[in-house]
Amino acid sequence: MAASKVVPFFLIFISFALPLIRAGKPPKPASPALFIFGDSLFDPGNNNYINTTTLDQANFRPYGETYFDYPTGRFSDGRLISDFIAEHAKLPLIPPYLEPRNKLLRQLMINYHGVNFASAGAGALTETFHGSVIDLKTQLKFYKREVARLSKKIGHANATNILSTAVNLFSIGTNDYISPFLLNSSVIQSQSHSQYVQMVIGNLTIVVKEIYRRGGRKFGFLNLGNLGCLPGLRIVKPETQGECLVEASVLAQLHNNELNKLLPKLEHNLHGFKYFLYDFNQSLARKITQPSLYGFNEGKKACCGIGLFNGIYSCGGKRIVKDFVLCENPSKFIFWDSYHFTENVYKQMADEMWSRGPNNLKKFFQ
Ligand SMILES: *[C@@H]1O[C@H](CO)[C@@H](O)[C@H](O)[C@H]1NC(C)=O
Ligand SMILES: *[C@@H]1O[C@H](CO)[C@@H](O)[C@H](O)[C@H]1NC(C)=O
Ligand SMILES: *[C@@H]1O[C@H](CO)[C@@H](O)[C@H](O)[C@H]1NC(C)=O
Ligand SMILES: *[C@@H]1O[C@H](CO)[C@@H](O)[C@H](O)[C@H]1NC(C)=O
Ligand SMILES: *[C@@H]1O[C@H](CO)[C@@H](O)[C@H](O)[C@H]1NC(C)=O
């Protein structure tokens with residue numbers, strides 16, 4: 001009895017909803033979509049779904065404790081720069097490409113907001129932490145897959161429209177320059193520093209141009225900070241007793257110089273290409289030099305880890321070294337663990353990116 005009444009309702013709903021889904025009409029998005037590429041600075045948990053080790057994962061406590069109250073896979077106590085940018089743009093947090101639930105949602109094409117492809121440990125070079133990360137080239141492959149799926153669903157013109165208004169954010173390079181020191185590899189020794197940097201920049205350029213070719217027009221980049229002063233790099237050479245590892249910072253400087261040259265060149269050569277470059281280095285350097293001006297009381301030591309500067313990468317006790325200490329108030333620290341920053345740092349940086357100065361990210365979303 002009851003069933004015979006329920007079924008028609010159900011059918012009415014289906015017959016109503018199906019044509020809408022079939023037609024695949026993209027509801028006008030409230031804001032441009034956000035595509036996110038790169039490394040742990042932006043990874044919301046893609047590495048939870050790949051075959052890797054806990055060195056490249058953060059899906060255990062105390063990661064995430066400040067904001068999410070559970071570990072999402074983000075390498076921080078809370079949200080990341082990319083999360084705060086999404087919030088500023090009035091978008092939901094952009095979920096990991098590999099998260100199965102998100103795959104289903106994207107197939108329905110309801111409120112398309114973009115995708116996050118970033119993977120902790122990733123570099124522009126395929127060799128960087130090879131086998132444990134989704135390198136930038138593979139992230140591009142996933143992006144192309146996403147674009148093909150979009151085109152099939154809503155038509156080429158509609159897809160291109162989404163891509164051309166979308167903002168493409170990049171955080172890449174750090175791992176290319178720190179991995180040789182962490183692995184004690186001879187990659188850099190076998191070639192000059194400037195050749196190595198050219199390779200990183202060359203591979204980044206390929207990816208940017210491919211996104212441009214598919215319709216991408218708005219690009220946002222971060223430069224690199226003094227990598228040798230990450231707590232994890234200060235302890236690479238025990239004989240220096242915690243001094244910054246100058247060679248790593250020099251590589252980052254070379255990279256920043258090349259990035260400064262590359263972006264105007266792309267703007268000149270690629271019609272309609274627009275970019276935003278955030279001076280991550282300067283922002284970080286200011287905070288480290290005068291922590292109290294920015295509400296921090298510890299600018300050098302990590303909140304979570306062990307050893308000198310808590311630089312041993314043991315936060316959470318699931319990696320090679322199991323012992324770790326955890327500070328009481330992460331928001332007072334700049335470094336969260338040996339290689340990553342606290343939510344408080346990421347929030348301040350995202351705020352600066354969003355609206356400081358005449359050249360800002362907000363413009364891309366208007
Ligand atoms: C994951 O990686 C390990 C070590 O590299 C390997 O032995 C294993 O077969 C891999 N598993 C899958 C499902 O690929
Ligand atoms: C593309 O968008 C237009 C209007 O924006 C819409 O009428 C059309 O159905 C869309 N195409 C597809 C294949 O969904
Ligand atoms: C790194 O490699 C160099 C030579 O390639 C060697 O002398 C040195 O002991 C190694 N250091 C570590 C920490 O393995
Ligand atoms: C990209 O990186 C590879 C190494 O992974 C290198 O052989 C190649 O020359 C680089 N490409 C460019 C254009 O720099
Ligand atoms: C970062 O900025 C500081 C201060 O301007 C500068 O001394 C340093 O070389 C820069 N580092 C990098 C990696 O660009």
Side-chain angles (χ1 to χ4, degrees), residues 37-39 41 119 121-141 170-181 183 185-213 221-234 236 243-266 269-270 277-291 293-294 299-300 334-335 339-341 345 348-349 352-353 356-357:
F37 302 87
D39 52 31
L41 250 61
S119 163
L125 303 179
T126 307
E127 291 83 352
T128 296
F129 295 127
H130 182 70
S132 313
V133 304
I134 310 162
D135 63 85
L136 193 59
K137 210 169 276 169
T138 308
Q139 293 181 31
L140 174 68
K141 190 175 85 187
F170 285 83
S171 165
I172 201 80
T174 296
N175 292 301
D176 297 303
Y177 303 116
I178 70 173
S179 59
F181 298 103
L183 303 174
S185 81
S186 53
V187 183
I188 298 188
Q189 282 143 33
S190 70
Q191 54 197 310
S192 79
H193 283 182
S194 73
Q195 276 173 332
Y196 188 78
V197 171
Q198 291 295 349
M199 238 165 56
V200 171
I201 293 286
N203 279 273
L204 172 60
T205 307
I206 292 172
V207 171
V208 169
K209 284 185 171 168
E210 283 284 309
I211 294 171
Y212 174 85
R213 234 160 58 92
F221 302 88
L222 312 181
N223 70 5
L224 306 180
N226 279 332
L227 299 176
C229 300
L230 294 170
L233 286 225
R234 282 176 181 268
V236 162
E243 291 290 307
C244 296
L245 186 65
V246 175
E247 196 184 348
S249 297
V250 168
L251 279 162
Q253 249 174 55
L254 289 173
H255 175 92
N256 290 350
N257 292 344
E258 290 305 311
L259 193 61
N260 284 342
K261 286 191 247 165
L262 171 70
L263 297 177
K265 207 164 74 189
L266 290 177
N269 293 340
L270 307 176
L277 173 61
Y278 177 62
D279 196 346
F280 180 94
N281 175 54
Q282 200 193 97
S283 172
L284 181 62
R286 282 200 185 120
K287 290 173 178 59
I288 289 179
T289 323
Q290 294 187 287
L293 269 188
Y294 298 87
K300 295 202 170 105
I334 289 179
F335 291 101
Y339 305 110
H340 305 100
F341 304 91
V345 171
Q348 291 184 25
M349 289 184 166
E352 292 168 10
M353 290 168 74
R356 203 175 63 185

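Atoms within each ligand, like the ligands themselves, are counted from 1 in listed order.
The minimum heavy-atom distance between A122 and D135, with the atom names listed, is CB-CA, 4.2 Å. Listed here is the closest heavy atom pair of Y196 and P180: OH-CG, 3.9 Å. K209 approaches L266 most closely through the heavy-atom pair CE-CD2, 3.9 Å. Between I211 and F170 the shortest heavy-atom distance is CD1-CZ, 3.7 Å.
Nearest non-hydrogen protein atom to atom 9 (O) of ligand 4 is M199 CG, 4.0 Å. For atom 1 (C) of ligand 4, the nearest non-hydrogen atom of the protein is N203 ND2, 1.6 Å. Shortest contact from atom 4 (C) of ligand 5 to any protein heavy atom: N281 ND2, 4.6 Å. Nearest to atom 13 (C) of ligand 5 among the protein's heavy atoms is N226 OD1, 3.3 Å. Remark: minimum distance from atom 14 (O) of ligand 5 to any protein heavy atom is reached at N256 ND2, 2.9 Å.
Between the side chain of S119 and the main chain of I134, a donor-acceptor pair closer than 3.5 Å is present. No donor-acceptor distance shorter than 3.5 angstrom exists from the side chain of E258 to the backbone of I201, with no hydrogens or angles considered. With hydrogens and angles disregarded, a donor-acceptor distance shorter than 3.5 Å links the side chain of N223 to the backbone of N281.
By the criterion of a heavy-atom distance under 4.0 Å, the backbone of L224, and not its side chain, is placed next to ligand 5. With a heavy-atom cut-off of 4.0 Å, A285 does not touch ligand 5 at all.
Within a 4.0 Å radius of atom 7 (O) of ligand 4, the protein has no heavy atom.
The ligand atoms of ligand 4 that sit less than 4.0 angstrom from a heavy atom of L125 are 2 (O). Using a 4.0 Å cut-off to heavy atoms of G225, the atoms of ligand 5 that qualify are 13 (C). Atoms of ligand 4 found under 4.0 Å from any heavy atom of E127, numbered from 1 in the order shown, are 4 (C), 5 (O). Here is the list of ligand 5 atoms found below 4.0 Å of a heavy atom in A252: 13 (C).
Residue-ligand proximity: Q282 is placed with every non-hydrogen atom at 4.0 Å or more from ligand 5.
In this pair, H255 and Y177 present their aromatic rings perpendicular. The plane angle is above 60°, beyond the 30 to 60° band.
At under 3.5 Å, not a single nitrogen or oxygen of S249, backbone or side chain, sits near a nitrogen or oxygen of ligand 5.
Between Y278 and F221, a ring centre-to-centre spacing not shorter than 6.0 Å is recorded.
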